Each structure stands twice: as structure tokens, then as C-alpha cells.
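Working notes for the structure below.
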Amino acid sequence: MNHTTVVEFVLLGLANSHHLEIAFFLFLGIAYVLILLGNISVISITLMNNFLQTPMYYFLRNFAFLEITFTSTFLPSTLYSLLTERKTISLPGCFLQMLFFYCLGTCTLFHMAVMSLDRYVAICHPLHYTAIMSSRFCLQLILSCWALSIFLMFPPTIMTVQLPFCGPNVMNHFYCDASLLLQLSCTDTGFIEELMFIILIIILPGTLTVTAVSYGCIIVTVLHIPSSAGRRKAFSTCSAHLIVVTVFYSTCIYRYIRPAQRGTGKSSKL
């Protein structure tokens, strides 16, 4: 069979209307600037302030770095396409974006689970907190998050890179999404799709379980604190993390865990 080898992909983006694209550019541009400024401020403050050299702020600093790198895998290219109406991305660029997106996204999930464990030890075992959450152990936890992310997401990504793409080359998305990319291959991708789905099933419920159990123990412990001021102080250290966990996990589960609707429809882009 005669096939034309694909050298680039066309990303349809977020909107078909030029006015909507300008609106999206302004909204996402402001959001990206705030992401950069906010997280760079977090990193700078926690590095310079001697009172913030604790495990909680160490994990927060690493989480801020993750957020900068994760959003930078797709937001700059999305903003560029909205401003210039250039919708194409090269084949190597698409694979690199997909690799960084999934590795950094997976690392973020592991990192949030580690942060919940840190809060569990701090609130439920305060007397042993310093001994358990030593600087060496914190570093090992961070390195484990990165190692597990690469170990789980690198193989299916490399398998996807080796697939033949013969056309069409249009994706209804604003970044290179694996599920859509597999649909464009001119060979059977069933094994890779099942592998990626199994990996996601392991990662999402697994890390969510760690977070849920940690906060379940935290809530039980906090409710036994006699003073209302003590309860408020304990909950105040966890509230922001719980909001981030809720938003991140709800969107990830809605986007990737539903097998029948994976990678389809406008709802996935939203």
C-alpha cells in the first residue's frame, strides 16, 4: 500500500473563531504569567527564609517547580498557536511534548501523595516528625517520585514513537495527546492503549488512596484535639493541599479513566 509519511501534526486548538482565540490567549497568557510569578515566588521565599527550611516547605518548593515545568510543556506552544494561528507541530516535537506532559503529570500525582504523607506524620505523629522526615528521607521520596514516573510512562511513550503515521494528521486538541495520537497511527495500537490504561488505573487510584487514607487519619486525629484553635491550625495546613488534590484528581479521572470516552469530544479539551 502507498502511504505518505507524516512529518507534522495539525492541532485544531481551543476554538474555531479568531475572536475566541484572542480571548483564550489573554486568559491563558495571564494565567501562565501568574503561574510563573507565583511559583517562582514560592521557590525563592522558601529558599531564602531560614524559618521555612522544613519538610513541608521542601515538598512545596518541589511542587512549585513541578507546576512550572508541567504547564510549560504545553502552555507556551498553545499561546503561540493562538496568537499566530500556526496549528502545526513537528513529529519529534509532538513526541517530546507528550513524554514531558505524562512524566511530569505522573510525578505531580506521586508528589501530592508524598505531601499528604508528610502532613499525616506532622499531625498524627508530631513527636517523631523530625526523626521520620529527615532531609535524606525527603530527598529519597522526591527522587522516587521522578524515578517511578519515568519508569511507568517512558515505555508506552517509546512504543508510541515507533508507530508508523501515514495520515490523516489532524488532532482535535491543543497539545499532543496520547489517546488521539494512537488513533492516527496506521497500525494496530490495541496493546499500547491497554498498557497506558492499566498504568493510569494503577497511578490514579493508587496515589488517591494514599492521599485519602492519610487525610482520613488526619481528620480523626484533629477531631480529638481539645481546643478549637488547635483544630483550626491543624486544618489550615491541609486545606490548600486538599483543594489542589480535589481539582487535579477530578479532572484526571474524568479525562483518562472513562474507557468509552477517552480522548474524544470537546469535553476532554475543556
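Start at 1 with the first residue, then count along the sequence. Every value quoted in this text rests on a predicted model; they were computed, and no experiment measured them.
- Residues Leu47 and Leu66 are members of one and the same hydrophobic cluster, defined by side-chain heavy-atom contacts under 4.5 angstrom among Ile, Leu, Val, Met, Phe, Trp and Tyr.
- If you take OH on Tyr129 and CE on Met56, they are separated by 7.0 Å, rounding to the nearest 0.5 Å.
- In this structure the side chain of His111 reaches within 4.5 angstrom of the side chain of Ile142, judged on heavy atoms.
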**Study point:** Worked verdict on Asp118 versus Leu141 for side chain to side chain contact (heavy atoms under 4.5 Å, CB included)
**Key:** CA-CA 10 Å; Asp118 171 69; Leu141 287 173; over 6 Å; no
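- Residues Phe151 and Leu195 share a single hydrophobic cluster, defined by chaining ILVMFWY side chains whose heavy atoms lie under 4.5 Å apart.
- With hydrogens and angles disregarded, a donor-acceptor distance shorter than 3.5 Å links the side chain of Gln53 to the backbone of Thr46.
- Pairing each heavy atom of Ser77 with each of Gln97, the nearest pair is OG-NE2, 3.2 Å.
- Of the candidates Phe63, Phe65, Phe101, Tyr32, Phe101 is the only one forming a ring-ring contact (aromatic ring centres under 6.0 Å, His included) with Phe70.
- Of the candidates Thr71, Thr69, Ile68, Leu104 forms a side-chain contact (heavy atoms from CB on, under 4.5 Å) with just one, namely Thr69.
- Separation of atoms OH (Tyr175) and OG1 (Thr78) is listed at 9.5 Å; rounding is to 0.5 Å.
- Using a 4.5 Å cut-off on side-chain heavy atoms (C-beta onward), Tyr57 and Thr54 make contact.
- Both Ile123 and Phe137 are part of a single hydrophobic cluster, where members link through side-chain heavy atoms under 4.5 Å apart.
- Across all their heavy atoms, Ala113 and Thr211 have their closest contact at CA-OG1, 3.6 Å.
- A heavy-atom distance below 4.5 Å is not found between the side chains of Thr221 and Tyr120.
- Put simply, the side chain of Ile202 does not reach to within 4.5 Å of the side chain of Leu152, judged on heavy atoms.
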Exercise for review: Could you give me the CA-CA distance, side-chain angles and deciding distance for Tyr249 and Thr207, then say whether side chain to side chain donor-acceptor pair (under 3.5 Å) is met?
Suggested key: CA-CA 10 Å; Tyr249 275 97; Thr207 53; 2.7 Å; yes
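- Under the 2.5 Å cut-off for SG-SG separation, Cys166 and Cys186 qualify: their sulfur atoms lie closer than that.
- Using modelled atom types, one side-chain atom of Asn39 and one backbone atom of Ile35 make a donor-acceptor pair closer than 3.5 Å.
- Considering CD1 of Ile192 and CE of Met159, their distance stands at 4.5 Å, rounded to 0.5 Å.
- Under the ring pair (Phe, Tyr, Trp, His ring centres under 6.0 Å) criterion, Phe100 pairs with no residue, sequence neighbours left out.
- When side chains are defined from C-beta on, Ile199 counts as touching Met153, because their heavy atoms get closer than 4.5 Å.
- Looking at residues two or more places apart in sequence or on another chain, you find a side chain to side chain contact (heavy atoms under 4.5 Å, CB included) between Thr187 and Leu163, Pro164, Ser185.
- Using a 4.5 Å cut-off on side-chain heavy atoms (C-beta onward), Ser149 and Phe110 make contact.
- Hydrophobic clustering (side-chain heavy atoms under 4.5 Å, transitive across Ile, Leu, Val, Met, Phe, Trp, Tyr) groups Leu143 together with Val114.
- Residues Leu26 and Leu82 are members of one and the same hydrophobic cluster, defined by side-chain heavy-atom contacts under 4.5 angstrom among Ile, Leu, Val, Met, Phe, Trp and Tyr.
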Exercise for review: Verify side chain to side chain contact (heavy atoms under 4.5 Å, CB included) between Gln183 and Leu180, making sure each step is shown before the conclusion.
Suggested key: CA-CA 5 Å; Gln183 294 175 19; Leu180 295 178; 4.1 Å; yes
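- Annotation: side chain to side chain contact (heavy atoms under 4.5 Å, CB included) contacts of Leu181 (sequence neighbours excluded): Phe9, Cys94, Phe95, Met98, Thr160, Phe165, Met171.
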Review point. Can you list the steps and then say if His241 with Ser116 is a side chain to side chain contact (heavy atoms under 4.5 Å, CB included)?
Key: CA-CA 8 Å; His241 183 237; Ser116 66; 3.7 Å; yes
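- Between Ile150 and Cys103, the shortest heavy-atom distance links the atoms CA-SG, 4.3 Å.
- Side chain of Glu8 to main chain of Thr88: no donor-acceptor pair is present (N/O by atom type, distance under 3.5 Å, no hydrogens or angles).
- The main-chain N or O of Ala178 is found under 3.5 Å from a side-chain atom of Tyr102 such that the two form a donor-acceptor pair.
- Proximity of Met133 to Phe59: side-chain heavy atoms (C-beta onward) are separated by under 4.5 Å at one or more points.
- Interatomic distance, CD of Gln140 versus OG of Ser135, reported as 9.5 Å (0.5 Å rounding).
- Between the side chain of Ser134 and the backbone N or O of Ala131 there is no donor-acceptor pair closer than 3.5 Å.
- A distance of 9.5 Å separates CD1 of Ile219 from OH of Tyr215, quoted to the nearest 0.5 Å.
- The shortest side-chain heavy-atom distance between Leu11 and Phe174 does not fall under the 4.5 Å cut-off.
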Exercise for review: Using the side chain to side chain contact (heavy atoms under 4.5 Å, CB included) rule, take Leu12 and Val170 through it: C-alpha gap first, then chi angles, then the decisive distance, then the call.
Suggested key: CA-CA 7 Å; Leu12 295 182; Val170 179; 3.6 Å; yes
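- Atom CE of Met196 is separated from atom CD1 of Ile198 by 12.0 Å, given to the nearest 0.5 angstrom.
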